[in-house]
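Shown next, in structure tokens, is the structure this report addresses.
Read the numbers this way: they start at 1 and go in the same order the structure lists the ligands and their atoms.
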Amino acid sequence: MDMKISPSILASDYANLQSELKKIETSDLIHVDVMDGHFVPNISIGAPVVSAIKKVCSVPFDVHLMISDPLKYAEDFASAGADIICFHIESDSDTEETVNKILSLGKKAAIAVKPGTDIDSVIPFLDRLSMVLVMTVEPGFGGQSFMEGVMPKIEKLRALGYKGDIEVDGGVNPETIKIAAKAGANVFVAGSAVFKSENPEDTINLLRKNAADAL
Ligand code: DX5
Ligand code: ZN
């Protein structure tokens, strides 16, 4: 299975997004954290910013919606240039309708689960998802510690025969990535680990290598 690195621009310098994106142009995906100040306490960025950076970046966008009503905004993010639209099963939107909406917009659909949410909740949708995001921190803030305790959820998805992508998000660094890869994850979000490092490109290579070697 391909190991994909998805740096989170939440940890980047928003005053210089274009040059920040240039630093991570060898990554597999760009992780865009969208927060509405309601589903999570913070407000980050919205569709207009996604649309602006799409014009200066050719790496596919992995858009993580931490918002209460993803059904309402899916179309805005699809038009803005999201390639994968990931929403939380704990949001207020109907899960079935939201998955169908994203697919009808011609985008890949993904569902995210918070650390406390049972992974069984995503089982009915697996056949239509290109990715499941298993959060390894409580959503809302960068720079938190990786929660190893959620690994059994990833193992369970693989044991059920799920062959799509499994992403982990939160506290991923060159050490914790090995734990997640062993459990069966293959897409790795890294915010602080990439953007706070001296050489983001080297860090991306190291993350990819450590994930592959862990298997
Ligand atoms: C947290 C966000 C993450 C965050 C990860 O709510 O979903 O994507 O940016 O940041 P790090 O890698 O610093 O833990
Ligand atoms: Zn995220």
Side-chain angles (χ1 to χ4, degrees), residues 3-14 17 20-21 23-24 27-47 49-50 53 59-68 70 73 77 80 82-91 108-117 122 129-151 153-154 165-181 185-198 200 203-204 206-208 210-211:
M3 296 295 178
K4 300 177 206 167
I5 309 299
S6 188
S8 165
I9 59 168
L10 188 65
S12 73
D13 175 5
Y14 279 179
L17 272 177
E20 292 287 83
L21 286 165
K23 293 181 190 166
I24 56 168
S27 68
D28 303 282
L29 295 165
I30 304 291
H31 188 83
V32 183
D33 285 308
V34 175
M35 305 181 183
D36 66 354
H38 189 249
F39 182 75
V40 289
N42 282 326
I43 298 177
S44 57
I45 58 172
V49 174
V50 175
I53 60 176
V59 180
F61 280 13
D62 160 29
V63 176
H64 177 193
L65 298 179
M66 287 166 274
I67 65 177
S68 294
Y73 294 99
F77 286 96
D83 296 279
I84 303 167
I85 299 181
C86 180
F87 69 98
H88 273 266
I89 198 150
E90 305 88 357
S91 73
K108 291 181 177 167
I111 292 180
V113 290
K114 290 193 203 179
T117 301
V122 305
L129 300 180
S130 72
M131 187 167 84
V132 176
L133 166 50
V134 175
M135 292 298 300
T136 42
V137 295
E138 286 300 336
F141 307 88
Q144 305 180 75
S145 300
F146 181 84
M147 295 167 73
E148 191 170 347
V150 306
M151 295 301 106
K153 294 196 222 181
I154 299 172
D165 288 334
I166 301 180
E167 181 176 59
V168 284
D169 182 7
V172 174
N173 61 41
E175 288 311 309
T176 56
I177 198 169
K178 299 175 190 170
I179 302 167
N186 69 303
V187 182
F188 307 92
V189 176
S192 323
V194 168
F195 282 103
K196 309 289 180 223
S197 71
E198 212 147 283
T203 305
I204 290 166
L206 177 66
L207 287 165
R208 221 186 258 123
N210 285 5

Residue from V32, L17, L10 passing side-chain contact (heavy atoms from CB on, under 4.5 Å) with I45: V32
For a quick test of your reading: what N or O donor-acceptor pairs under 3.5 Å do the side chains of residues 189-197 make, sequence neighbours left out?
residue, atom, partner, partner atom, Å
K196, NZ, A11, O, 3.2
S197, OG, V194, O, 2.7
S197, OG, T203, OG1, 2.8

Within this structure, what is the CD-CG distance for the pair E167 and N186, rounded to the nearest 0.5 Å? 9.0 Å
Sequence neighbours excluded, the answer for side-chain contact (heavy atoms from CB on, under 4.5 Å) partners of P60 is L29, D83
The Zn ion (ligand 2): protein N, O or S atoms [distance under 2.8 Å]: H31 NE2, D33 OD1, H64 ND1, D169 OD2
Y73 OH to S68 OG distance, which is reported to the nearest 0.5 Å: 9.5 Å
N-O pairing of D62 and K4 below 4.0 Å: no
For the residue pair S44 / D33, report whether a side-chain donor-acceptor contact shorter than 3.5 Å exists. no
May I ask you to check if K178 and F146 form a cation-pi contact, with NZ or CZ under 6.0 angstrom from the six-membered ring centre and within 45° of the axis? no
What short N/O contacts, under 3.5 Å, does ligand 1 make with the protein, listed by atom pair and distance?
residue, atom, partner, partner atom, Å
ligand 1, 6 (O), G140, N, 2.7
ligand 1, 7 (O), D33, OD1, 3.0
ligand 1, 7 (O), H64, ND1, 3.2
ligand 1, 7 (O), D169, OD2, 2.8
ligand 1, 8 (O), H31, NE2, 3.3
ligand 1, 8 (O), D33, OD1, 3.1
ligand 1, 8 (O), D33, OD2, 2.7
ligand 1, 8 (O), D169, OD1, 2.6
ligand 1, 8 (O), D169, OD2, 3.0
ligand 1, 9 (O), S8, OG, 2.9
ligand 1, 9 (O), D33, OD2, 3.0
ligand 1, 12 (O), G191, N, 2.8
ligand 1, 13 (O), G143, N, 3.0
ligand 1, 13 (O), S192, N, 3.0
ligand 1, 13 (O), S192, OG, 2.4
ligand 1, 14 (O), G171, N, 2.8

What distance do S6 atom OG and H64 atom NE2 have between them, rounded to the nearest 0.5 Å? 11.0 Å
